[in-house]
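Letters A, B, ... mirror the listed sequences (proteins, then strands); counts begin at 1.
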There are 2 protein chains.
Amino acid sequence: MAANILIVDDEQAIADLVEVYLLNENYKVFKFYNGRDALNCINNERIDLAVLDVMLPDINGFSICRRIREKHNFPVIMLTAKEEEIDKITGLTLGADDYITKPFRPLELVARVKAQLRRFTKYNSMEPAKEERLIAFSGLVLDMDKHECMLNEKKISLTPTEFSILWVLCSNRGRVVSSEELFQKVWGDKYFSNSNNTVMVHIRHLREKMHDSAEHPKYIKTVWGVGYKIER
Amino acid sequence: MAANILIVDDEQAIADLVEVYLLNENYKVFKFYNGRDALNCINNERIDLAVLDVMLPDINGFSICRRIREKHNFPVIMLTAKEEEIDKITGLTLGADDYITKPFRPLELVARVKAQLRRFTKYNSMEPAKEERLIAFSGLVLDMDKHECMLNEKKISLTPTEFSILWVLCSNRGRVVSSEELFQKVWGDKYFSNSNNTVMVHIRHLREKMHDSAEHPKYIKTVWGVGYKIER
DNA sequence: CAGAACCTTAAGATTTTATTAATGAGACAA
DNA sequence: TTGTCTCATTAATAAAATCTTAAGGTTCTG
């Protein structure tokens, strides 16, 4: 599972450079040149690791780190200029998991990022290799082994197709999934045409069973012209 | 799979040494003692990787790197003297993929060369196109996966066309994009005529949703006779 | 000032999605 | 085999959202 990594550095060249290296490793990168945008992002995206510059124009890197620690648990790596020796202790004390002094070798940074992610996933016992058999979030539980769906403690019985569709939506939650992609993933690589409204009908049935509606969707949202989506 | 490797170093002893080690690994080596000959070679041979010395008598190694990047996509490894610490970031920023400080162990160089070639081939074969899925700057966040737009912490809902237009403008931020180019990129390669004002109407809608105005634009600026532009 | 480029507005054309009902396919038991 | 049941698909229609067009107004530039 590709991790989401937050980068914050006001020196655009450096942020861009780090981005290139992390993209290369198949991470999804959220890059910001100031603290405000970054903090904004943290509340809206699932971030797995942050790389923070200490010196930022608006918000101090340490402050961001502290703000992260208030609500989140992912590792933080601080970037500091070589002269700021004194700050090292401070940064680590405030909750950073590692720090790198500038100028640094990008490959070293990549190595540290990987190390942190490894350490973190290890301690959290998230098995990256094994594919998920159970999805559970905000009142919704999908059990692939039992082929069962629970919504707010109550079991709702879904047909195989309905279950598959809901599974795909849930395992991609937070992201819009197009009808075409749904069709591909649920029915296999069959040909899909727009005149085929079978996905739509199943969505309708799902919503009915989940006591959801198209106008005011609690779960399955329609994103016009794009697809369907379940919020995280 | 024998790769073609370009070596440029005015210190002949070093160039020769590197050559020996790379020949040993069954790479084909193109060796030059100055930048001019190297640049000449680049246009005539298929090069898979370059090892460039920073200090050259005629053309700076960084310049060569930049010239390579203008037309080619292969990895570049820079060789720098240990004192040139400051240049490190610069060199990497200008597009180098790795650097090695002199004196270096030849085997380390060979290892780095292999790593770059591995990374590069992986990068080029696995993923079809590593396009950005997220754009974020100065209070504006565009998330292609969520198909969501945030402006100053507030979500604004855009239609597919509006989203596409804003995406094109943002991914070309700092540059003026003509109506024609917008049309091409958003609608595909359909025919565009000046009597078609649909782009204009969508811009208008975008501005409305962003609480922007044509007279005093905060985001989408009109560049008279040219097109539209978003500042970086 | 005149013409060109751009802005605004709103109607109706088009596209996409929702709903509903009917048909068909397959499983399973009598 | 036949009838019944469940589920998947299709089709027709309705509803909604979006897109395009066109007309008239405004602003800019030489």
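- Not counting sequence neighbours, the partners of A:Arg204 by the side-chain contact (heavy atoms from CB on, under 4.5 Å) test are A:Glu208.
- For B:Val168, the side-chain contact (heavy atoms from CB on, under 4.5 Å) test picks out B:Asn172, B:Val177, B:Leu182, B:Lys185, B:Val186, with sequence neighbours left out.
- Counting non-hydrogen atoms under 4.0 angstrom, B:Thr222 reaches the backbone sugars and phosphates but no base.
- Going from atom CD1 of B:Ile203 over to atom P of D:dT21 covers 17 Å, rounded to whole Å.
- If you check D:dT20, C:dT8, D:dT9 against the side chain of A:Thr198, the one that comes closest is D:dT9.
- Across all strands shown, B:Tyr228 has heavy atoms under 4.0 Å from sugar-phosphate atoms exclusively, and none from any base.
- Put simply, NZ on A:Lys221 is 15 Å from P on D:dA17, counting in whole angstrom units.
- Just one of A:Ile42, A:Asp48, A:Val76 meets the side-chain contact (heavy atoms from CB on, under 4.5 Å) condition when paired with A:Leu6; it is A:Ile42.
- The nearest whole Å value for the distance from the NE2 atom in B:His216 to the P atom in D:dT26 is 16 Å.
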So which protein N/O to nucleotides 9-11 of chain C N/O distances come out below 3.5 Å?
| residue | atom | partner | partner atom | Å |
| --- | --- | --- | --- | --- |
| C:dT9 | OP2 | B:Arg204 | NH2 | 2.2 |

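- When the local axes at the two ends of the helix from C:dC1-D:dG30 to C:dA30-D:dT1 are compared, using 5 base pairs at each end, they differ in direction by 30° after rounding to 10°.
- Between the side chains of A:Arg173 and A:Ser138, no donor N or O sits under 3.5 Å from an acceptor N or O.
- At a threshold of 4.5 Å between non-hydrogen side-chain atoms, the residues A:Ile165 and A:Leu158 do not count as touching.
- The CG-P distance, from A:Asn196 to D:dT10, rounds to 6 Å in whole Å.
- Residue pairs satisfying the salt bridge (Lys or Arg N to Asp or Glu O under 4.0 Å) criterion with at least one member in residues 147-168 of chain A, sequence neighbours excluded, are listed as follows: A:Glu148-A:Lys155, A:Glu162-A:Lys209.
- Closest approach of B:Phe183 and B:Asn196 over heavy atoms only: CE1-ND2, 3.9 Å.
- A donor-acceptor pair is defined here as one N or O able to donate and one able to accept, closer than 3.5 Å; no such pair exists between the side chain of B:Asn4 and the backbone of B:Glu45.
- Interface residues of residues 155-162 of chain A facing DNA chain D, ordered by number: A:Thr159, A:Pro160, A:Thr161; criterion, heavy-atom separation under 4.0 Å.
- Distance, B:Phe163 CZ to D:dC19 P: 13 Å, rounded to whole Å.
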Test log, rule salt bridge (charged side-chain N to carboxylate O under 4.0 Å, His left out), inputs B:Arg175 and B:Glu181: CA-CA 12 Å; B:Arg175 181 172 80 80; B:Glu181 186 181 344; 2.7 Å; yes

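- Contact between the side-chain N/O atoms of B:Trp224 and the OP1/OP2 oxygens of C:dA4 is not found at any separation under 4.0 Å.
- A distance-only check finds no donor-acceptor pair linking the side chain of A:Asp37 to the backbone of A:Phe32 [under 3.5 Å].
- One finds a side-chain N or O of B:Trp187 lying less than 4.0 angstrom from the OP1 or OP2 phosphate oxygen of D:dT20.
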